[in-house]
Amino acid sequence: MANDTTQRLDARAISPGLYKAMAALQSYVDSCGVERPLLELVKIRASQLNGCAFCLVMHTNDARKLGETDERMHLLNAWHEAPVFSARERAALAWTEAVTRVGESHVPSDVYDEVRTQFSEKELVDLTGAIVTINGWNRFAVAFRATPQLRSTKAAA
């Protein structure tokens, strides 16, 4: 497979109505009441699973603005072994993985049971909405090769 990183098309420009609908969903998620720093961790973890460079850059930057540390963000890929995440964060990350990988795991009952100990029913529905939304954004960005907005564009030698 070729490593083609050239943007294929600008989905936002081609279908502004669809982009507006996705942005409205994102706006709801961002104001749903689930804490924003946790939502950013969820967005980063889903984007790691989906290999979405565009969203990884965006959401690590957003998380930093909310006070998240680089150390914790670097450990997201190994959150199971990292002692720096709370029980609520762990439940949300496990839920994120299960929902993102729905075709593989069909969201196991033990993951559901654990997330229910940490989130109210409304919070869980909204958390799931956040996961669905970031997975949608990831699929657009990966499919059309959205170019990440990097501070430095210098490639490693």
Side-chain angles (χ1 to χ4, degrees), residues 1-16 18-32 34-86 88-105 107 111 115 118-119 123 126-157:
M1 181 170 116
N3 186 16
D4 182 8
T5 58
T6 303
Q7 185 164 335
R8 292 176 170 164
L9 56 81
D10 182 351
R12 180 180 184 173
I14 293 169
S15 187
L18 179 59
Y19 184 85
K20 185 177 178 184
M22 285 289 293
L25 181 58
Q26 186 64 61
S27 179
Y28 173 82
V29 165
D30 289 343
S31 63
C32 71
V34 175
E35 54 271 38
R36 288 293 302 269
L38 177 59
L39 290 177
E40 292 305 323
L41 292 177
V42 163
K43 292 172 188 179
I44 294 165
R45 184 64 188 127
S47 298
Q48 287 175 332
L49 294 171
N50 292 322
C52 184
F54 183 90
C55 292
L56 282 167
V57 170
M58 176 187 294
H59 296 297
T60 54
N61 287 333
D62 290 349
R64 264 187 219 98
K65 289 175 190 168
L66 294 171
E68 188 55 73
T69 66
D70 284 340
E71 185 173 53
R72 280 174 34 102
M73 288 188 285
H74 292 311
L75 288 170
L76 272 175
N77 209 27
W79 69 265
H80 294 274
E81 294 81 30
V84 297
F85 299 103
S86 69
R88 184 172 168 90
E89 289 168 334
R90 290 177 174 285
L93 293 168
W95 189 248
T96 299
E97 290 182 0
V99 172
T100 298
R101 295 174 169 155
V102 68
E104 298 170 26
S105 70
V107 189
V111 176
V115 79
Q118 297 294 326
F119 292 85
E123 288 175 325
D126 289 341
L127 175 64
T128 305
I131 297 163
V132 167
T133 304
I134 190 58
N135 273 282
W137 288 122
N138 288 168
R139 279 148 179 76
F140 278 114
V142 172
F144 299 125
R145 305 281 193 271
T147 304
Q149 302 301 306
L150 301 172
R151 293 182 192 157
S152 170
T153 57
K154 188 171 162 183

request  = For residues Phe119 and Leu38, determine if any side-chain heavy atom of one lies less than 4.5 Å from a side-chain heavy atom of the other.
outcome  = yes

message = Is there a side-chain contact between Trp79 and Leu41 in this structure, where contact means two heavy atoms from C-beta onward sitting under 4.5 Å apart?
response =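 Not in contact.
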
Without swapping roles, check the side chain of [X] against the backbone of [Y] for a donor-acceptor pair under 3.5 Å.
{"X": "Asp10", "Y": "Arg12", "value": "yes"}
{"X": "Thr96", "Y": "Ala92", "value": "yes"}
{"X": "Glu89", "Y": "Ser86", "value": "yes"}
{"X": "Gln7", "Y": "Thr5", "value": "no"}

Pair Trp137, Gln26: side-chain N/O donor-acceptor within cut-off below 3.5 Å = yes

Going from [atom1] on [X] to [atom2] on [Y], what distance comes out if it is rounded to the nearest 0.5 angstrom?
{"X": "Met58", "Y": "Ile134", "atom1": "CE", "atom2": "CD1", "value": "8.0 Å"}
{"X": "Phe54", "Y": "Thr147", "atom1": "CZ", "atom2": "OG1", "value": "8.5 Å"}
{"X": "Leu39", "Y": "Cys32", "atom1": "CG", "atom2": "SG", "value": "5.5 Å"}
{"X": "Glu81", "Y": "Leu75", "atom1": "CD", "atom2": "CG", "value": "10.0 Å"}
{"X": "Asp126", "Y": "Ile131", "atom1": "CG", "atom2": "CD1", "value": "11.0 Å"}
{"X": "Trp95", "Y": "Leu127", "atom1": "CH2", "atom2": "CG", "value": "8.5 Å"}

ask   = Does Arg90 have any side-chain hydrogen bond (donor to acceptor under 3.5 Å, both in side chains) partners at least two apart in sequence or in another chain, and if so, which?
value = none

ask   = Passes side chain to side chain contact (heavy atoms under 4.5 Å, CB included), Arg64 versus Met73? Steps please.
value = CA-CA 9 Å; Arg64 264 187 219 98; Met73 288 188 285; 3.7 Å; yes

message = Tell me every residue that passes side chain to side chain contact (heavy atoms under 4.5 Å, CB included) with Ser105, counting only those two or more places apart in sequence or in another chain.
response =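 Once residues adjacent in sequence are excluded, the partners of Ser105 under the side chain to side chain contact (heavy atoms under 4.5 Å, CB included) criterion are Ala98, Pro108.
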
key: For Asp62, all residues meeting salt bridge (charged side-chain N to carboxylate O under 4.0 Å, His left out), sequence neighbours excluded   =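 So Asp62 forms no salt bridge (charged side-chain N to carboxylate O under 4.0 Å, His left out) with any residue.
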
remark   = Looking only at heavy atoms, the pair that brings Gly136 and Met22 closest together is C-CE, 4.0 Å

ask   = Any salt bridge (charged side-chain N to carboxylate O under 4.0 Å, His left out) pairs touching residues 48-59, not counting sequence neighbours?
value =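 Residue pairs passing salt bridge (charged side-chain N to carboxylate O under 4.0 Å, His left out), neighbours aside: none found.
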
task = Among residues two or more places apart or on two chains, list those pairs meeting side-chain hydrogen bond (donor to acceptor under 3.5 Å, both in side chains) that have a residue in residues 35-47.
result =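 Checked against side-chain hydrogen bond (donor to acceptor under 3.5 Å, both in side chains) - neighbours excluded - the pairs reaching residues 35-47 are Asp30-Lys43, Glu35-Arg88, Glu40-Lys43, Glu40-His59, Arg45-Gln48, Arg45-Asn77, Arg45-Glu97, Ser47-Asn138.
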
request  = Could you list the residues that satisfy ring pair (Phe, Tyr, Trp, His ring centres under 6.0 Å) with Phe144, not counting sequence neighbours?
outcome  =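 Residues passing ring pair (Phe, Tyr, Trp, His ring centres under 6.0 Å) with Phe144: none at all.
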
